[in-house]
A.B. asks: 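The structure under discussion is supplied below as C-alpha cells; questions concerning it will follow.
Remember, it's a predicted structure, so these values are computed and weren't measured experimentally.
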Amino acid sequence: MKIVMTQYLDCSSNFAFAQGAKIRTESGRSLGVTCNPKEAEDIIRTYFQTEFFPETVYVYFGGEIGQDGSLGYTFSVAK
C-alpha cells in the first residue's frame with residue numbers, strides 16, 4: 001500500500017505541531033490530537049494499516065476549541 005501525502009502549510013512541521021495537530025478522517029472521525037510529529041505519523045500509519053476501506057486523513061493545526069484550524073496535510077491511499 002502506498003500512502004500519498006499533500007502538504008498545505010508553508011511553515012515547518014515542528015512549528016506547526018507546537019500549536020497542536022488534530023487528525024481526522026474525511027467523514028469527520030477523530031483519530032487523535034498530538035503535538036508530536038512522530039506520534040501523528042504512528043496514528044496515521046496505524047489507521048491505514050488496520051482499516052478495510054480507509055478514507056482520506058486530514059491533519060489540522062491550531063484552531064480554537066471545537067474548530068479544526070488550518071489544514072496542514074492530507075494523506076490518502078494511492079490509486
Side-chain angles (χ1 to χ4, degrees):
M1 169 188 338
K2 181 177 179 183
I3 298 173
V4 177
M5 178 186 89
T6 304
Q7 182 176 351
Y8 294 96
L9 291 179
D10 290 333
C11 61
S12 74
S13 65
N14 287 338
F15 173 75
F17 275 96
Q19 301 174 27
K22 296 177 185 176
I23 306 166
R24 296 180 181 260
T25 65
E26 188 171 16
S27 66
R29 176 178 157 200
S30 177
L31 300 179
V33 177
T34 184
C35 290
N36 182 325
K38 177 66 174 140
E39 184 179 3
E41 182 181 323
D42 291 343
I43 290 169
I44 294 165
R45 183 179 297 115
T46 299
Y47 170 76
F48 281 112
Q49 290 174 345
T50 59
E51 289 293 314
F52 288 111
F53 301 105
E55 302 176 68
T56 299
V57 172
Y58 299 100
V59 179
Y60 297 94
F61 296 104
E64 299 297 322
I65 295 174
Q67 297 179 354
D68 286 333
S70 300
L71 178 61
Y73 299 99
T74 62
F75 296 86
S76 58
V77 176
K79 303 283 183 197

A.B. asks: Which hydrophobic side chains are connected to Phe53, either touching it within the sub-4.5 Å cutoff or through other members that do?
C.D. replies: Phe52
A.B. asks: Using the test salt bridge (charged side-chain N to carboxylate O under 4.0 Å, His left out), find all partners of Glu51 that sit at least two apart in sequence or belong to another chain.
C.D. replies: Arg29
A.B. asks: Starting at CZ of Phe75, measure out to CD of Glu41 and round the result to the nearest 0.5 Å.
C.D. replies: 8.0 Å
A.B. asks: Which heavy atom in Cys35 sits nearest to a heavy atom in Gly20, and how many Å separate them?
C.D. replies: SG-CA, 3.7 Å
A.B. asks: Report the distance from atom OH of Tyr8 to atom OH of Tyr60, rounding to the nearest 0.5 Å.
C.D. replies: 9.5 Å
A.B. asks: Who passes side-chain contact (heavy atoms from CB on, under 4.5 Å) against Val77, sequence neighbours left out?
C.D. replies: Met1, Phe48, Pro54
A.B. asks: Under the salt bridge (charged side-chain N to carboxylate O under 4.0 Å, His left out) rule, collect the residues that match up with Lys2, sequence neighbours excluded.
C.D. replies: none
A.B. asks: From the options Thr25, Thr6, Thr74, select the one residue that forms a side chain to side chain contact (heavy atoms under 4.5 Å, CB included) with Tyr58.
C.D. replies: Thr74
A.B. asks: For Thr46, give me all partners under side-chain contact (heavy atoms from CB on, under 4.5 Å), at least two apart in sequence or on another chain.
C.D. replies: Thr50
A.B. asks: Following the transitive rule for hydrophobic clusters with a side-chain heavy-atom cut-off under 4.5 Å over Ile, Leu, Val, Met, Phe, Trp and Tyr, establish whether Tyr73 and Ile3 coincide in one cluster.
C.D. replies: yes
A.B. asks: Got a sec, which residues hit side-chain contact (heavy atoms from CB on, under 4.5 Å) with Ile23, two or more places apart in sequence or on another chain?
C.D. replies: Leu31, Thr34, Ala40, Ile43, Ile44, Val57, Val59
